[in-house]
Amino acid sequence: MHNPRGSNNRLNERSANRANGDRLFDSQNNNRGGYNKGDAGVNGFVTYAQQYDMIHYMSDPNWKTNNKKSILGIEWTNQHGCGGNELGDPWKLNCELIIQYSCYSENSAFDKTRADCTMECFIPTTANPTCVNEGCPIVEMDEAPCLAAGYKWLPARYFDEYNCPHKCTPTGGGSTRQADNAASIDECTAVAGTWNNFSSNPTLWRIRDGLTTDRQGYTNPATNALDPQDDFDRKDGNDNPNLALHESWEFYDSCYRREANRGLFVADQNLQTNSLGYTSAVFTRQNPNNNRRGYECPEERDYYPYWHPSPWKDVVIMTDRLDLCTFYQTESQNVKGKSMCFNTPTCNNCIRYNNQAQCTTNGGLWKTIPGYNLDPPECIQAPWSRVNHLGNGRHGQPLSYNWTLPYIPAEGTQRCAVRLRYNISTDDYDAWRVNASFNNNNGAGIKSPVRQNPNVDIGAANQALQLAINTAQFGRTFQDRSHAFRLVPRPGTSATGTRTAVTGNNRPADFFANCSTLYNLNVRGKRGNIVQTFPAVEYDFYPNQLHISTDDCVHVQWTGSNTHNNGNPAGDGQAGDAGEGTEGTDRHNFVEMSANFDSSFPLPQEQFSMLLNISDAYDPRNIYDTVDKSCKACQCTGLTGTARTNCLQACWVQTQENWSLRMATVGYYDSFDCPASTNALATAGTQLNNLLNNAVASYAGGVFKFPAGVFHYMCTRNNNFSNRDQKGKLLVKQA
């Protein structure tokens, strides 16, 4: 995945190869793939504060009726090909591409002990506004943020005290039995106990990229230690705040303890057993030995649609079987609840059972967790790509999908990740018809339709030839995931602060109220030439051609790493980081060029027609408005009538010039000479390096409304014959 930047389990390696393919998820991809996490400054990050999370704005709350949506382009390459359909364009290859996302509110700390395991937070729906009856989606929040979001705080129906890791330690004369029965802070305090918190940072976000390339820990459960207090102790010793996290510890633990779906086709693979003595959902045909990757559940990863609850929400299914779209959409957890077995006072491992009959027979509680109350995912024809070719699609264009970013009500800024899964099979067997009855069983005389490295008879006497078939990969799921990014609500009418605007509509909400569609214009690729970066790509703007109207807005933003040295070990490729500037560093800027792609030179600023003619702008970081308002041309207080109109116009001209300077210098200079500047061009002590070496690697940029016209722009640094020239084109029609 090239935009948003797919990690392929990379973090900040200086080598061409990733350090740990098991860090977060099972990609099945080459060790050389992926991009490092972005740096916020000029050096490689050491702390979370030094990492850069891309900022993307949600669609408007009413985007379905007013069309004020936000678009994030997703681009990828897939090696083994895809596309075509059985009727009009048949291929031996069958495939699905599925894009999903997972988000958690930045306003809640999820990686801590719940304060009250007897209560849960429910999201009201139109059909069930009080959530008194079942059917409301649940969200992981404690009482205060739950109520602040306008949700319902009610007695737990799913992850209650028997399914919630917690621990109350007896102190001050309290008994162990009383402490063990306490399921909340209040109950623990009432029996003279101490409510335990996890050792990890209690305010650390669920979705995080980590600070080292190590994998999260997991202690296998023992048969005599399966109570919530035991679960607390295991998680407390496993979940490390300095390591990456997408799925929760609890999600993997339930996967490890839940029996595998034994109705699945596994060919001749021998699935192993867990520490409790049975084959669970961490063992699949593709992963028969449970090579653990982060807290990902292998069964959930390998199969779609999954039959138990998942933290991933569906965006789109791209398939060569459009006749299956109704099935995919109705089975999506966006719209359909998913069931599982929950523990009870008399059965502390009933999460083992994957069906209702065994669950209830053994004393468990079979419950259906409501769906996410979202629209069904889009289902479309998979784009065609050539087999064994990590490149563009049929018409020479990158494989891509325009994602309409969701509006997530009430919970504020979200921390999110995108997951793209790519499943392939071939016509050597019918993947939709085989099941466990086709699994190889020599004792019963059943031969799997595909077997490991079989010898085949070609008709020659006493001569067999061996085929290279790995049944763990015959029908295979690949995957990539983005680094963590922030999904931010558009500022509403209650947002505080003002901004510089020629129209006088100077509230943040005024800007977004006048945006029709908001597009994200980013940068893909990493440092190096085409051989050194492969299977990642070289630098380019994404999208490098964008068609919009004067009513639309564009958020120009990029991220880069200071550790893309692409050194050894380089695996099966070439080491090296050909390019300009300091070794290992990604740098970008945004400068207008002449009216075609033939030129390799930027225009002088006085000839700019794009940024010097923007009709409005918004600063995502809210740091430039104070600077702009301090400019000499912006001292309009007390003026009225024509004098005020002229002053506002002059102020806006100065603001346009400041923005053109910021985008060209990556924010190194925040203005030409405004008094409130922290680093004005006219007074800067240290000048910007002409190769941007002392500029930051990542830049939040700005959100702009452009005038009608055709504009070309470039990055001045990444423009030599060892690297693809980094240029883009913006076509703006009058609304």
Side-chain angles (χ1 to χ4, degrees), residues 7-11 17-31 33-34 102 111 165 198 200 206-223 225-226 230-261 264 266 269-304 306 308-312 340 349 351-352 354 417 419 421 470 472-473 476-481:
S7 75
N8 193 40
N9 278 311
R10 291 185 69 90
L11 178 63
N17 274 9
R18 63 189 174 190
N20 184 0
D22 298 338
R23 184 175 77 95
L24 193 56
F25 60 94
D26 181 9
S27 75
Q28 292 284 306
N29 294 324
N30 186 293
N31 283 330
S102 184
D111 250 10
F198 292 118
S200 62
R206 163 72 58 80
I207 291 185
R208 59 181 187 262
D209 292 304
L211 299 175
T212 78
T213 58
D214 292 338
R215 177 186 65 173
Q216 289 284 2
Y218 181 74
T219 302
N220 293 339
T223 54
L226 295 171
D230 303 311
D231 295 342
F232 176 94
D233 288 336
R234 286 193 297 124
K235 178 177 179 178
D236 194 35
N238 295 159
D239 191 349
N240 187 324
N242 293 323
L243 303 182
L245 192 73
H246 283 179
E247 292 91 350
S248 68
W249 181 93
E250 289 87 345
F251 179 71
Y252 181 79
D253 186 57
S254 65
C255 178
Y256 185 90
R257 292 165 64 174
R258 183 173 59 244
E259 291 186 3
N261 184 340
L264 298 172
V266 298
Q269 291 292 316
N270 181 25
L271 276 56
Q272 302 300 302
T273 58
N274 64 13
S275 63
L276 302 176
Y278 53 88
T279 298
S280 67
V282 298
F283 303 96
T284 65
R285 178 181 54 80
Q286 193 169 316
N287 188 12
N289 299 312
N290 182 28
N291 184 10
R292 183 171 64 82
R293 280 90 171 190
Y295 289 144
E296 179 178 64
C297 176
E299 192 177 75
E300 185 270 344
R301 173 203 176 277
D302 290 357
Y303 296 95
Y304 182 87
Y306 193 49
H308 294 301
S310 165
W312 296 94
M340 62 180 288
N349 194 39
I351 59 172
R352 164 180 180 168
N354 63 11
R419 172 168 81 161
R421 286 183 293 165
N470 181 352
Q473 298 181 356
R476 187 178 183 189
T477 299
F478 297 81
Q479 178 184 196
D480 203 3
R481 298 186 185 183

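Y218 and W249 have tilted rings, their planes meeting at an angle from 30° to 60° on a 0 to 90° scale.
Annotation: side chain of H246 is in contact with side chain of L24 (closest heavy-atom distance under 4.5 Å). Side-chain contact between E299 and N261 is present, with at least one heavy-atom pair separated by less than 4.5 Å. Contact of the N238 side chain with the Y295 side chain is registered, since non-hydrogen atoms from C-beta on lie closer than 4.5 Å. In this structure, the side chains of T284 and L271 stay at 4.5 Å or more apart for every pair of heavy atoms. Using a 4.5 Å heavy-atom cutoff, the side chains of M340 and P309 are in contact. Counting heavy atoms from C-beta on, the side chains of P298 and C255 come closer than 4.5 Å. You'll find the side chain of D230 stays beyond 4.5 Å of the side chain of P221, heavy atoms only.
Put simply, the residue from R206, R234, R208 that forms a salt bridge (Lys or Arg N to Asp or Glu O under 4.0 Å) with D239 is R208. Among the candidates Q28, E296, R293, R421, the single residue satisfying the side-chain hydrogen bond (donor to acceptor under 3.5 Å, both in side chains) test with Q479 is E296.
Heavy-atom minimum distance, V282 versus Y256: CG1-CA, 3.6 Å. Among all heavy-atom pairs drawn from G21 and R18, the shortest one is CA-NE, 3.6 Å. What you find for E259 and N354 is that their closest heavy atoms are O-ND2, 3.2 Å. Contact detail for N274 and R257: the closest heavy-atom pair is ND2-CA, 4.4 Å. In terms of heavy-atom proximity, C297 sits nearest to F251 at CB-CE2, 3.6 Å. Closest approach of R23 to A244, counting heavy atoms only: NH1-CB, 3.2 Å.
Put simply, CG on D26 and CG on N9 are 8.5 Å apart, with the number rounded to the nearest 0.5 Å. With rounding to the nearest 0.5 Å, the separation of OG in S310 from OH in Y304 is 9.5 Å.
Judged purely by atom type and a 3.5 angstrom limit, R292 has no side-chain atom pairing as donor or acceptor with the backbone of Y252. In this structure a side-chain-to-backbone donor-acceptor pair under 3.5 Å is present from Q216 to N240. At distances below 3.5 Å, at least one donor-acceptor pair connects side-chain atoms of T279 with backbone N or O atoms of Q272. Within the 3.5 Å criterion, the main-chain N or O of D480 finds no donor-acceptor partner in the side chain of N8.
Between the side chains of D302 and T477, no donor-acceptor pair of N or O atoms lies under 3.5 Å. Side chain to side chain, T213 and N20 fail the donor-acceptor criterion of an N or O pair below 3.5 Å. R301 and Y306 form no side-chain donor-acceptor contact under 3.5 Å, judged by distance and modelled atom types alone.
At a threshold of 4.0 Å, the pair K235-D231 does not count as salt-bridged, since none of the basic side-chain nitrogens sits closer than that to a carboxylate oxygen. Comment: E247 engages R481 in a salt bridge, judged by a side-chain N to carboxylate O separation of less than 4.0 angstrom.
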